[in-house]
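The sequence lines fix the lettering, A, B, ..., with proteins before strands; numbering per chain opens at 1.
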There are 2 protein chains.
Amino acid sequence: MKLYDGGKAPNPRRVRIFLAEKGLDVPLKPVDMGAMEHRGEEIGCRNPFRELPVLELDDGKVICESVAICRYFEELHPEPALFGEGAFGKAEVEMWQRRVEHRLFMPVAAVFRHLHPAMKEWEVPQVPEWGNANRPKAIAFLEFLDTVLGERPYIAGENHSIADITAFVSMQFMKPARIEMPEGLNNLQRWYEKQAARPSAQA
Amino acid sequence: MKLYDGGKAPNPRRVRIFLAEKGLDVPLKPVDMGAMEHRGEEIGCRNPFRELPVLELDDGKVICESVAICRYFEELHPEPALFGEGAFGKAEVEMWQRRVEHRLFMPVAAVFRHLHPAMKEWEVPQVPEWGNANRPKAIAFLEFLDTVLGERPYIAGENHSIADITAFVSMQFMKPARIEMPEGLNNLQRWYEKQAARPSAQA
């Protein structure tokens, strides 16, 4: 088994954090996204969309899409449960994971991809107006999360989950996207510092 | 239990199709999205984002997000499996579901929301350039799906799954989004007609 890894980019990062939380050690094959190596044939023949990460199993089968890779490992190694437990618990994590992806992760990515000069070749066409429209969406969700985290320790409730990993990676991605963290979101800040202090945050 | 339903909109529709595939009869509470009823307090106190559908359980707990609602029912009623079976099967469905969502469902929605005059109050600000940028993305994915469906009966492989439901609903959503189906995609057309002939397509 090997994981074609993309370094600092947010999707490769959330898979590595997920694996660290599970205590799993999967051999990594580094792919230099800065040098556009993921656009080459080594990745292209495994993922038609030439995105990272890509997991290749020992029998040659391939899983793309970060959350699909995480779910594969969740099924094989259920503890600690990062996609929730029981029908309602799993639905709750899925609900929060989707909220974080659609209202924070994707808006931050849109700001980065549509406004950052380095993204000109990656996002064609860049639509700066769309990038700008996403900044307030991301901020509004951070404010919402601050309220949520005033009532419970983790985003989806009492337990740490993939929704926390996605939110943590999204917030770190705000720096290259040049979105400033709003002041006064103390619950969110406290949660962020706890996430950053987990050993998995170094992955 | 009751499902606050939003009629013809694509997310309410994919949950109803999912339930029909499972053979489940969940009481529906219709909400008139045309009359903006989903922006009122009945939905607002259950879903802060005022979107449909919303599932309310008998104990008052609430699940939002269409795929989270589907997953809840998958856990309670595993047959027929619409999220895949086994670790690799589940990962494969998740991979295809995400590809369809990100590369078809969301692009079609972006065309509709950013270009349709009726969406002015729903999508603020409308960014027509972003709407236009999404039309070729949707078309490119349809062409890709046509190749995939030349090799197997369903999007994620040998079995019908939620990825097929999401793709079917997305393609029906192309009509209000005013995206014309490209000609010559015969595999895709054959798959679409088989989906449309399933009893669940009437849900």
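B:V93 does not touch chain A: none of its heavy atoms, backbone or side chain, sits under 4.5 Å away. For a residue to count as touching a neighbouring chain, one of its non-hydrogen atoms must lie under 4.5 Å from one of that chain's; by this rule B:F73 does not touch chain A. Of the two parts of A:L57, only the side chain, counted from C-beta on, holds a non-hydrogen atom closer than 4.5 Å to a non-hydrogen atom of chain B. B:F141 touches chain A through its side chain: at least one heavy atom from C-beta onward sits under 4.5 Å away, while N, CA, C and O do not. With a 4.5 Å cut-off on non-hydrogen atoms, B:Q126 touches chain A through its backbone but not through its side chain.
Other residues, nucleotides and ligands contribute over 12 non-hydrogen atoms within 6.0 Å of the CG atom of A:D59. Within a 6.0 Å sphere centred on CG of B:D32, other residues, nucleotides and ligands contribute more than 12 heavy atoms.
When A:P48, A:G89, A:C64, A:P125 are compared by the number of non-hydrogen pairs under 4.5 Å with chain B, A:C64 comes out ahead. The choice from B:E75, B:R103, B:K61, B:M106 that makes the most heavy-atom pairs within less than 4.5 Å of chain A is B:R103.
Separating the CD atom in A:E65 from the NE2 atom in B:H102 is a distance of 6.5 Å, to the nearest 0.5 Å. To the nearest 0.5 Å, atom NZ of residue B:K90 and atom CD1 of residue A:I63 are 13.0 Å apart. The CZ atom of A:F88 lies 11.5 Å from the CG atom of B:L76; values are rounded to the nearest 0.5 Å. To the nearest 0.5 Å, the span separating CD on A:E94 from OG on B:S66 amounts to 9.0 Å.
At a threshold of 4.0 Å, the pair A:R71-B:E92 does not count as salt-bridged, since none of the basic side-chain nitrogens sits closer than that to a carboxylate oxygen.
When all heavy atoms of B:Y72 and A:A91 are compared, the closest pair comes out as CB-CB, 3.8 Å. The two atoms that bring A:V124 and B:K137 nearest to each other are O-NZ, 4.4 Å, heavy atoms only.
The closest side-chain heavy-atom distance from A:R98 to B:E101 is below 4.5 Å.
Within the cation-pi definition used here (under 6.0 Å to the ring centroid, within 45° of the axis), B:R99 does not qualify as a partner of A:F49.
In this structure, B:H114 and A:W130 have perpendicular ring planes: the angle between them is above 60°, well past the 30° mark.
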